[in-house]
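Structure record follows, encoded as structure tokens.
In what follows, every chain begins at residue 1, and chains take the letters A, B, ... in the order their sequences are listed.
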Number of protein chains: 2
Amino acid sequence: MKNLANHPDGFGIAAVERDTGLPKDTLRVWERRYGFPQPLRDANGERVYPAAQVDKLRLIRRLLDQGLRPSRIVAASTDELAQLLEASPEAAPPAAPAGWNTLLAFMQRQDGAALQRALQQSLLKQGLQRFLTDTLTPLTDAVGQAWLRGELNVAGEHLYTEQVHNVLRGAIANHGGHGGAPSILLTTFPNELHSLGLLMAEAMFAPEGAHCTSLGTQTPLADIEHAATQGGIDVVALSFSAAYPPRQAVEGLNTLRARLPASIALWAGGLAVREQQRKLPGIRVIADLHDGIAALAEWRAAHPA
Amino acid sequence: MKNLANHPDGFGIAAVERDTGLPKDTLRVWERRYGFPQPLRDANGERVYPAAQVDKLRLIRRLLDQGLRPSRIVAASTDELAQLLEASPEAAPPAAPAGWNTLLAFMQRQDGAALQRALQQSLLKQGLQRFLTDTLTPLTDAVGQAWLRGELNVAGEHLYTEQVHNVLRGAIANHGGHGGAPSILLTTFPNELHSLGLLMAEAMFAPEGAHCTSLGTQTPLADIEHAATQGGIDVVALSFSAAYPPRQAVEGLNTLRARLPASIALWAGGLAVREQQRKLPGIRVIADLHDGIAALAEWRAAHPA
DNA sequence: GCTTTCATTTTGTCCTGGACAAAATTTGTA
DNA sequence: TACAAATTTTGTCCAGGACAAAATGAAAGC
């Protein structure tokens with residue numbers, strides 16, 4: 001029972017794990033292999049990480065999520081890291097609609113009410129589906145970019161996610177077309193906690209008259225199977241964010257495909273599976289929200305009432 | 001990169017940590033000291049926990065949370081544990097409202113629409129705050145219990161969480177009293193992904209005229225600090241589920257208290273901190289939803305407009 | 001009686017350094 | 001160009017030792 005001591009001006013390894021998401025084992029092995037981080041030690045020989053090193057670890061984590069490899073970046077200097085971050089891909093922000101800077105400003109100063117009002121206005125003006133494809137998709141992208149560049153902190157991003165949730169759930173409730181076909185079960189695999197894609201899919205399908213049941217994120221495979229066969233489900237739809245390991249996605253999807261009866265369709269959407277169609281026989285890969293509508297039309301053509 | 005593989009009919013130590021909330025180190029040291037759990041080993045000598053042992057660990061976790069000591073229970077037989085659980089408090093399910101069995105049945109057969117309708121009806125009949133205290137709190141407890149006893153699978157629990165989210169977000173949007181005082185920032189620490197408590201707190205505060213800003217779950221400490229000082233926040237409110245390690249909660253809260261200006265109040269609610277008031281100087285521990293209202297009243301008494 | 005102080009046991013977390021399989025990358029081949 | 005095999009990188013796991021914080025029990029003071 002070590003941990004409670006407030007190391008003055010430093011963090012214990014558990015605190016760093018909590019803050020950066022990097023497991024203790026990984027922190028120790030990096031220290032051994034790359035010489036960073038190099039924490040101080042307290043009287044008892046335990047690691048004490050100065051705030052500066054924790055900040056750098058957070059930066060490293062961002063770059064890792066972008067696909068860079070630890071050997072390239074863990075030992076690099078802070079300046080080099082900043083450069084890499086600048087030079088990151090996706091340099092083409094797709095035709096930023098007017099007013100985006102305003103929205104980003106709301107996030108920066110934590111003004112949730114104003115942000116929600118603005119989103120709600122867009123929704124009313126465009127209608128749900130165009131709001132999704134023309135506003136939310138590129139805006140979410142832009143928010144991710146801004147966070148990556150350090151222009152937006154985590155709190156701002158969380159605020160955005162939260163308000164999008166509010167707006168979309170409200171919109172879905174209004175469109176509540178219960179009883180239609182097909183009956184779609186939406187969820188994600190364990191370790192995938194990005195719920196926005198899921199919600200956007202639901203918001204796309206619901207107004208088309210499909211009967212959506214969302215289980216939220218992180219449903220174990222066995223439970224997806226059980227829920228689908230129990231609940232009279234026609235389609236199981238899974239969402240994968242860009243951060244999800246593609247191989248895990250492919251493996252899990254094929255396993256699930258084998259366990260589900262052939263009468264239940266399996267759809268997979270999101271960046272992690274976009275290019276994987278040929279490794280996913282019997283599974284409908286959904287390229288984007290428009291393609292989701294197409295998949296729905298296909299299903300209905302194949303299953304006349 | 002071990003862990004991701006599907007051990008047929010067993011769980012790796014990381015999966016058990018995720019499932020039970022017991023850290024890897026603790027699992028290993030229990031095995032050494034008490035002889036339980038006693039996982040099998042795979043070809044590589046790594047622990048593989050059979051499902052039965054994981055279930056028992058969950059039971060043990062539950063009893064630990066009630067104050068029993070590991071030496072008494074870790075080595076005990078499953079029957080003894082079941083007895084202890086029966087004999088424990090909470091033996092009095094507070095006057096189970098009629099119709100609960102119906103609700104559980106909806107969850108068991110994945111009927112989200114019916115579940116949502118029933119919840120909505122309760123909400124209309126009782127009003128938001130009584131719905132929270134008299135229905136949702138005990139019902140959530142009952143759902144947890146049912147899951148613990150294996151009467152409800154993960155999918156059913158997810159479905160419940162999802163529908164409660166829908167109902168509460170809708171209700172909060174209706175009560176939307178923007179602009180009131182105090183301005184409350186709601187979130188959780190990293191590793192705490194239980195969002196229900198957070199949402200329930202928001203639903204309790206919002207109709208009282210407070211200005212709530214929720215950041216969702218898992219906001220790093222530094223970002224909470226930043227958001228609070230940036231956004232003109234009066235109160236930072238953190239939520240902790242029963243599963244959150246109390247030590248981590250106490251440590252994080254005290255650190256945050258030290259970093260926040262004294263003018264910003266810090267509130268902590270949830271089972272993990274309920275008994276920790278004396279370790280949390282300068283922090284208002286909120287025992288339950290009623291006490292939240294009390295805390296709000298206190299704050300207003302101390303800060304006359 | 002009750003609370004406070006001190007000694008003892010219990011318990012969770014951290015340590016080192018080694019090992020290895022899964023993932024990513026590079027190289028070789030049809 | 002696409003696929004298969006060899007290689008490197010990387011995260012996670014293991015053992016068993018250590019120790020401080022927490023919980024418990026005993027002793028002493030009011």
When we call it a touch if two heavy atoms are under 4.0 Å apart, what does A:Arg72 touch: a base, just sugar-phosphate, or nothing? nothing
5'-most by nearest nucleotide on DNA chain D - A:Asp25 or A:Pro70: A:Pro70
Does B:Arg259, at its CZ atom, have more than 12 non-hydrogen atoms belonging to other residues, nucleotides or ligands within less than 6.0 Å? yes
From [atom1] of [X] over to [atom2] of [N], roughly how many Å is that when rounded to an integer?
{"X": "B:Asp42", "N": "C:dA19", "atom1": "CG", "atom2": "C1'", "answer": "13 Å"}
{"X": "A:Glu46", "N": "C:dT13", "atom1": "CD", "atom2": "P", "answer": "12 Å"}
{"X": "B:Arg28", "N": "D:dC13", "atom1": "CZ", "atom2": "C1'", "answer": "6 Å"}
{"X": "A:Glu31", "N": "D:dT10", "atom1": "CD", "atom2": "P", "answer": "17 Å"}
{"X": "A:Trp30", "N": "D:dT10", "atom1": "CH2", "atom2": "P", "answer": "9 Å"}
{"X": "A:Leu68", "N": "D:dT9", "atom1": "CG", "atom2": "P", "answer": "16 Å"}
{"X": "A:Leu64", "N": "C:dA24", "atom1": "CG", "atom2": "P", "answer": "12 Å"}
{"X": "A:Arg32", "N": "C:dC15", "atom1": "CZ", "atom2": "P", "answer": "12 Å"}

Does a salt bridge link A:Glu46 with A:Arg28, judged by any charged N lying under 4.0 Å from a carboxylate O? no
Taking the basic N atoms (NZ, or NE/NH1/NH2) and the acidic carboxylate oxygens, is any pair closer than 4.0 Å for A:Arg284 and A:Asp291? yes
For [N], does OP1 or OP2 lie under 4.0 Å from any side-chain N or O of [X]?
{"X": "A:Arg69", "N": "C:dT26", "value": "no"}
{"X": "B:Asn44", "N": "C:dA21", "value": "yes"}
{"X": "B:Tyr34", "N": "C:dT11", "value": "yes"}
{"X": "B:Ser71", "N": "C:dT11", "value": "yes"}
{"X": "B:Arg47", "N": "D:dC14", "value": "yes"}
{"X": "A:Thr26", "N": "D:dT10", "value": "no"}
{"X": "B:Arg33", "N": "C:dT10", "value": "no"}
{"X": "B:Lys24", "N": "D:dT12", "value": "no"}

Tell me the closest heavy-atom pair linking B:Ile264 and B:Arg257, and the distance in Å. O-NH2, 2.9 Å
Quick one: does B:Gln218's side chain have a donor or acceptor within less than 3.5 Å of a partner on B:Thr188's backbone? no
